[in-house]
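Below is one structure, written out as C-alpha cells; comments come after it.
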Amino acid sequence: MSYPYQFKSLDEYKVAYKKSTEDPSGFWSQVAENFLWRKKWDKTLQWNFTEPSVKWFEGGKLNITENCIDRHLEELGDKPAMIWEPNNPEDRVRVVTYNRLHKRVCQFAQVLKNNGVKKGDRVCIYMGMVPELAYAVLGCARIGAIHSVIFGGFSAQSIADRLEDASAEYIVTCDGAYRGEKIIPLKDVIDDALIGNKTVKRVIVYTRTRTPVSMIKGRDVWWEDEMEHAESQIEKDNVVSFPAVEMDAEDPLFILYTSGSTGKPKGVVHTIGGYMVFTAYSFVNVFQYQKSQVHFCTADIGWITGHSYIVYGPLAAGGTSVMFEGIPTWPDAGRFWDIVDRHKVNILYTAPTAIRSLMGFGLKPLEGKDLSSLKVLGTVGEPINEEAWHWYDENIGKGKCPIVDTWWQTETGGILISNMAGITPAKPTYATLPLPGVEPLLVDENGVEVKGNPASGNLCIRAPWPSILRTTYGDHDRCRQTYFSAYPNLYFTGDGALRDEEGNYRITGRVDDVLNVSGHRIGTAEVENAINMHSGVVESAVVGYHHDVKGQGIYAYVIFQGTHGDETSRRNDILQTVSRIIGPIAKPDKIQFVAALPKTRSGKIMRRILRKIAEGETSNLGDTTTLLDPTVVEAIAGGKL
Ligand code: 6R9
C-alpha cells in the first residue's frame, strides 16, 4: 500500500516539484493533512532568513507520539513497529508491536511524570541501542519534554558540556552498552560527567549489561522499578492510557548537538510539526516505502539519521523499523547480511564508510546469506566513491535494487537531495535531485548565484522546508551567524557541490573546517582544543586527509614542549587526552610533531598548506609568500618525507 503523499512516477515527481516551488504553502498543507492534528494550523508558513525566523503550521496542535503510535493501533496494533536485533546474534530478538510500543511509551511517560519532568524540560538520553532508548525518546515526546540524545561514544567531558548547555535536569541511561566484544560502562561515564554538575536532579538507569554501577541516593533510580510502579498507573481493566500532552507545532521536539567550525558543539533545535511531516514525507518518497516492508537503518539513534529514519520517519508512516544493537563486524563481517536474511529486510540504509569497510572482507561473509528480500539500498553521511557504489550495487543489491544517495544534515532534519528509489534516476556518486519542497542553489565565494549547468559552488538552500533547524539552543545569534549570514537570505549548508548538465547535484564535501570521519562530523577546532589540553602541548593544527575506509582521517600537527616521555608515549598521551575530552571517535589517525606551524603575518594558521602536506602533495604547495616564515613549511614537509 502506498501513501497519498508518495510520488509514484517521474511525472508525478516533476508535477509535485513544480507545485512545491509555485505554492509552497499549498503543497505542504496538502502533505500535512495526512497527519493527526488535534487542531489544524492557522498559517502554513511564515519565514525570513534574516533573523532567522521560520514557523511551519503555526497554531496547529498535536502530539507526535499520537502520530507515530496511537493512530496506527487500530490497523497495526499487532504488527511490528520495531524489530530489535541484539548485539549477540545468539540472544533473543525482540519484536515490538505497535500495541507494545504504545504501552511502553505511555509507561515511560508516566515514569517521567512521576519523577517531576514537565513540558519543555530537557531530558538527556545516553543509552545503547536498546528498544528502551526508543521508549525514552518517545516518552519525552509524549509529555512534551525536549530530548537530547547523546551518542554512546562521547566522553564524560562532552556530556558535561552538553548537559550544561541544555541545562538538563534529567538523564536516562543504561548500566552499560554492548558493542561487539566490548562493554561500554555508560553509567560510570555519566557519573563522571555529573561531577560538578548543578542542574541534574534525576538519573534513570536501565539494566542492560549488569555492569556494576554506583547508584546515588536521592538522584539515581532504576528504570525497572520505575516502570513497574508506572504500570499500575497507566493500565486499568486492560486498557492502557497516558494522555499525550497537547503541543504547538512549533514547540521544540529535541536538541541534537553537532560539530561546527568553532570549538563548541551546537545544540540544533527541531520543532514538532515540521519535523514530523518532513521525516515521514521524505521516508516514504526517497525509499518508496510500502506498508509492511521492513526498513533497516544501521545508524545509531545518537545521530540525526537514527532520529529521523529509525524512529520518527518510519513510525510516523506506520512502518517497521529494525534497530541493531551491535556492530557490522561482530561476530563476523557478515552481520548486516545475516540481519537482512533473518528479518527479510526490504530497505537497507547505511553509510559509505561501512560499505568500504565491509568490502575489505571480500565476498566470503556473503556466502549462504539470502539477500533476495532487498528492494532498495541507501547511503548517507558522506560522499560515496564509485568503487563502493558499484560493490554495493552488484554484491548487495544484485543489480536490481535502486541505490538512493541521500544528502542531508543534522540541521536539515531530513533528506533534502536524493534520487527516489526507482522513480528518479540514480547516478553513481551523485545525490542527484532535490525533493519537492527543496530549492538548492550554488553560489560562488562572493555570494553570487552560479546559474546554468554544469556548475560548481557552495551549496545553499533558497527557502525553508518544514524540518529546517529553528535555532541553536540558548544562542539564536549563533544559528544566524553559522547558517544565515555567509549569504544573505540563504541557508548555507557548509558543503561544496557540483551540478551536472541535467541538474544533478554531487556533494564534494565540507568547505569549512569540519571533518567527516566515518560519516561523523568533527570540527577541527574541537580536536585542536582537546589536544591543547595536554600539558605538554604548546599549539596544534588539525586537518583532514583522504582515508580509504573512513573517507577522511584526522591529521594533527603538534608543537610539544617538555621533556616527559619519548615520542611514542607522547603520542599515546595525546590520543588518550582526545579520547577523554571528546571521545574515541575524534582520535587523530596521525600525529606529526613539529617545531612551528605555518602562519600568515596576521597569525592565521595556513591550513591549506597543512592539508597538502597531509595528503603527501609536498611538491606543489602553492603560494607560500604570505607566510611569516616560509622555512617552517620546508621543515614540516621535510619531516614527512
Ligand atoms: C545526515 C548526516 C552532515 C554532513 C553534510 C555533508 C555530509 C551527508 C551526504 C554527505 C555527500 C551524502 N553528507 N550525506 N555528503 N553525500 N549523501 O550525515 O548529518 O552528521 O549532520 O552530517 O555530512 O558534508 O554537511 P550530519
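Whatever order the structure lists ligands and atoms in, that order sets their numbers, starting from 1. Note that the structure is predicted; figures quoted are calculated from it, not measured.
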Distance alone, cut at 3.5 Å: any donor-acceptor contact between the side chains of Thr262 and Arg478? yes
Quick check with a 6.0 Å cut-off and a 45 degree axis cone: is Lys14 positioned over the face of Tyr17's six-membered ring? no
Looking only at heavy atoms, the pair that brings Met420 and Val404 closest together is C-CG1, 4.2 Å
Q: Please determine if Asp405 has a nitrogen or oxygen closer than 3.5 Å to a nitrogen or oxygen of ligand 1.
A: yes
**Prompt:** Taking N or O atoms only and a 3.5 Å limit, does Thr406 qualify as a polar contact for ligand 1?
**Reply:** yes
Note: ligand 1 atoms sitting under 4.0 Å from heavy atoms of Thr305 are 1 (C)
Query raised in the report: Taking the non-hydrogen atoms of Gly494, is any one of them nearer than 4.0 angstrom to ligand 1?
Result: no
When distances are taken from atom 12 (C) of ligand 1, the protein heavy atom at minimum range is Glu382 O, 3.5 Å
Inset, instruction - For the residue pair Thr406 and Tyr349, confirm or rule out a side-chain donor-acceptor distance under 3.5 Å. - result: yes
Checklist entry - What do you reckon, does Arg521 have a nitrogen or oxygen under 3.5 Å from a nitrogen or oxygen of ligand 1? => result yes
Exercise for the section: Would you verify whether the NZ or CZ of Lys590 falls within 45 degrees of the ring axis of Tyr545 while also being under 6.0 Å from that six-membered ring's centre? Expected result: yes
Smallest heavy-atom separation, Cys401 atom then Leu377 atom, equals CB-CG, 4.0 Å
Honestly, for Ala431 the part within reach of ligand 1 (heavy atoms, under 4.0 Å) is neither
- [ ] Using a cut-off of 6.0 Å, state whether more than 12 heavy atoms not belonging to Glu164 lie near its atom CD.
- [x] no
> Would Trp408 count as a contact of ligand 1 if the rule is a heavy atom under 4.0 Å away?
Replying inline: yes
Smallest heavy-atom separation, Gln552 atom then Gly544 atom, equals NE2-CA, 4.0 Å
message = Can you classify the ring geometry of Tyr281 versus Trp28 as parallel (below 30°), tilted (30 to 60°) or perpendicular (above 60°)?
response = perpendicular
Please check whether Thr410 reaches ligand 1 - meaning an N/O of the residue sits under 3.5 Å from an N/O of the ligand, judged on distance alone.
yes
### Message
Once you measure the plane-to-plane angle for Tyr289 and Phe283, does it fall in the parallel (<30°), tilted (30-60°) or perpendicular (>60°) bin?
### Response
tilted
Per-atom filter on ligand 1: closer than 4.0 angstrom to a heavy atom of Ile304 are 1 (C), 19 (O)
- Task: Examine Gln409 against ligand 1 and note whether any of their N/O atoms are separated by less than 3.5 Å.
- Result: yes
The protein heavy atom nearest to atom 14 (N) of ligand 1 is Gly381 N, 3.1 Å
In ligand 1, the atoms that come under 4.0 Å of a heavy atom of Asn516 are 7 (C), 23 (O)
Nearest non-hydrogen protein atom to atom 5 (C) of ligand 1, with distance, is Asp495 OD2, 3.1 Å
Val380 N/O under 3.5 Å from ligand 1 N/O:
no
